[in-house]
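Just the heavy atoms: all of them, side chains too, but no hydrogens, waters or symmetry mates, feed the values below. Read the numbers this way: they start at 1 and go in the same order the structure lists the ligands and their atoms. Quantities reported herein were computed from a predicted structural model and do not represent experimental measurements.
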Amino acid sequence: MLVLGIETSCDETGVALYDGGEGRLLAHAVHSQVAMHEAYGGVVPELASRDHIQRLVPLTRRVLEQAARGVADLEGIGYTEGPGLAGALLVGASFAHALGEALAIPVLGIHHLEGHLLSPLLSARRPGFPFIALLVSGGHTQLMRVDGVGQYRLLGETQDDAAGEAFDKTAKLLGLGYPGGPALSALAERGTPGRYQLPRPMLGSGDLDFSFSGLKTAALMLVKQQGNAADIARAFVDAVVEVLLAKCVRALQTDGLTRLVVAGGVGANQQLRAALDAEARKRGFDVFYPEPELCTDNGAMIAFAAAQRLGSGAAPGAHAFTVRPRWPL
Ligand code: KG4
Ligand code: ZN
């Protein structure tokens with residue numbers, strides 16, 4: 001089954017073609033709106049929606065061309081139904097449903113986080129079920145147990161800021177622009193470890209929950225004391241990585257599993273990956289990541305999730321036109 005995937009939940013327009021029969025991603029394209037929102041220091045929802053409208057048709061043409069397929073070859077469409085910005089989601093939903101109606105093919109709304117969770121299954125080295133998934137994005141920080149497509153159990157989550165949000169807010173304090181995660185990570189590479197000590201929030205809480213809002217406040221104190229920016233960045237990254245690592249290990253041990261999947265934008269972070277890889281070697285578990293370009297928002301993960309569901313015939317509400325800006329997985 002040839003499935004078109006559409007992602008418009010926030011500030012990336014993602015379109016992809018996944019062949020369920022071959023089990024292969026044929027093409028994918030992403031347009032990032034980061035440059036447009038940068039001037040405002042964050043995403044402006046109305047501008048995001050308008051830009052998605054302009055990008056969807058050309059991006060869809062591009063992936064069809066790359067895969068040497070025509071629009072009439074499409075057999076199903078998946079779009080991000082939520083969570084995300086209401087207006088932005090509506091653009092993707094309208095496009096998907098209009099095209100699906102015109103072609104008389106099934107259209108399925110997909111949970112954005114399910115897309116992220118399953119994205120490592122698009123890699124050559126893919127995890128088997130069950131696995132523990134660490135979802136770390138700009139909007140979410142969660143640990144889930146995944147027993148199969150559609151079988152997800154929430155084990156713990158952030159009580160306040162998401163990890164990516166903490167990266168972005170701390171980067172802003174250091175004058176690194178928006179979104180500052182990658183820049184903060186690069187700056188930390190030049191910092192001296194241990195020069196400043198930041199708290200490890202909820203490290204000893206005995207559960208799998210997180211809290212990151214205090215970290216940015218602690219970093220603000222150091223900025224006010226005119227501390228060295230690279231050393232502050234290093235202290236921040238080390239604190240976040242230590243907490244994420246400890247909770248992942250705890251989740252694996254509690255559930256007696258040996259496979260860990262890391263997904264979402266912060267999963268691209270090199271310091272986090274190095275720490276997880278080292279711990280995996282030490283403790284004998286396996287860590288799986290999506291391909292680097294599929295860590296952040298993209299259409300491939302939506303096409304893939306839709307192909308799994310449409311292919312198995314399990315597509316309840318396949319023709320309902322809905323978006324869900326707030327939607328627990
Ligand atoms: O998954 P994603 O693209 O969008 C959401 O659904 O939120 O994640 C974006 C988040 C941003 O907060 C961004 O700063 C962060 O991921 N991010 C990183 C890195 N690359 C992206 N944070 C730390 N290090 C990185 N290398
Ligand atoms: Zn995302």
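- Within the cation-pi definition used here (under 6.0 Å to the ring centroid, within 45° of the axis), Arg126 does not qualify as a partner of Phe288.
- Atoms of ligand 1 found under 4.0 Å from any heavy atom of Asp168, numbered from 1 in the order shown, are 11 (C), 12 (O), 13 (C), 14 (O).
- Listed by number with element, the atoms of ligand 1 under 4.0 Å from a non-hydrogen atom of Gly139 are 7 (O).
- A donor-acceptor contact shorter than 3.5 Å is absent between the side chain of Asp209 and the backbone of Thr158.
- Below 4.0 Å from some heavy atom of Ser137 lie the following atoms of ligand 1, by number and element: 1 (O), 5 (C), 6 (O), 7 (O), 8 (O).
- With respect to Thr13, the side chain to side chain donor-acceptor pair (under 3.5 Å) criterion is satisfied by exactly one of Arg55, His52, His31, Glu7: His52.
- Only the side chain of His116 comes within 4.0 Å of ligand 1, judged by heavy-atom distances.
- Considering backbone and side-chain N/O atoms, Gly264 never comes within less than 3.5 Å of an N/O atom of ligand 1.
- When only interatomic distances are considered, the shortest N/O to N/O separation between Glu12 and ligand 1 does not fall below 3.5 Å.
- Aromatic ring pairs are classed by plane angle as parallel below 30°, tilted from 30° to 60° and perpendicular above 60°; the pair Phe304 and Tyr18 is perpendicular.
- Neighbouring protein atoms of the Zn ion (ligand 2) (N, O or S, distance under 2.8 Å, waters ignored): His112 NE2, His116 NE2, Asp297 OD1.
- Checking Val237, Thr80, Val266 against atom 15 (C) of ligand 1, the nearest heavy atom belongs to Val266.
- With respect to the salt-bridge test (charged N to carboxylate O, under 4.0 angstrom), the residues Asp207 and Arg250 do not qualify.
- The protein heavy-atom contact nearest to atom 10 (C) of ligand 1 is Gly138 N, 3.5 Å.
- Within the structure, the closest approach of Pro182 to ligand 1 falls below 4.0 Å when heavy atoms are considered.
- The number of heavy-atom neighbours closer than 6.0 Å to CZ of Arg326, taken from other residues, nucleotides and ligands shown, is 12 or below.
- Checking Asn269, Val241, Thr296, Leu176 against atom 23 (C) of ligand 1, the nearest heavy atom belongs to Asn269.
- The nearest heavy-atom contact from the protein to atom 2 (P) of ligand 1 is Asp297 OD1, 3.6 Å.
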Determine, step by step, whether Val240 and Val266 satisfy the side-chain contact (heavy atoms from CB on, under 4.5 Å) criterion, reporting the C-alpha distance in whole Å, the side-chain angles of both residues, the deciding distance to 0.1 Å, and the verdict.
CA-CA 11 Å; Val240 173; Val266 183; 5.7 Å; no
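- A ring-ring contact (aromatic ring centres under 6.0 Å, His included) check over residues 121-173, counting only residues at least two apart or in different chains, returns the pairs Phe129-Phe131, Phe167-Phe236.
- Proximity annotation for atom 8 (O) of ligand 1: of Gly265, Gly164, Ala188, Gly265 comes nearest, heavy atoms only.
- Residues Pro201 and Val243 are in side-chain contact: their nearest non-hydrogen atoms beyond the backbone lie under 4.5 Å apart.
- Sparse packing is recorded around CD of Glu65, with 12 or fewer heavy atoms of other residues, nucleotides or ligands lying under 6.0 Å away.
- Using a cutoff of 4.0 Å between basic side-chain nitrogens and carboxylate oxygens, Arg153 and Asp255 are scored as salt-bridged.
- The nearest protein atom to atom 22 (N) of ligand 1, hydrogens excluded, is given as Gly181 CA, 3.5 Å; this is a heavy-atom distance.
- We find that Arg273 and Asp277 are not joined by a salt bridge, their nearest charged nitrogen and carboxylate oxygen being 4.0 Å or further apart.
- Under 4.0 Å from ligand 1, the heavy atoms of His112 that appear belong solely to its side chain.
- The 12-atom threshold is exceeded at CZ of Arg200, counting heavy atoms of other residues, nucleotides or ligands nearer than 6.0 Å.
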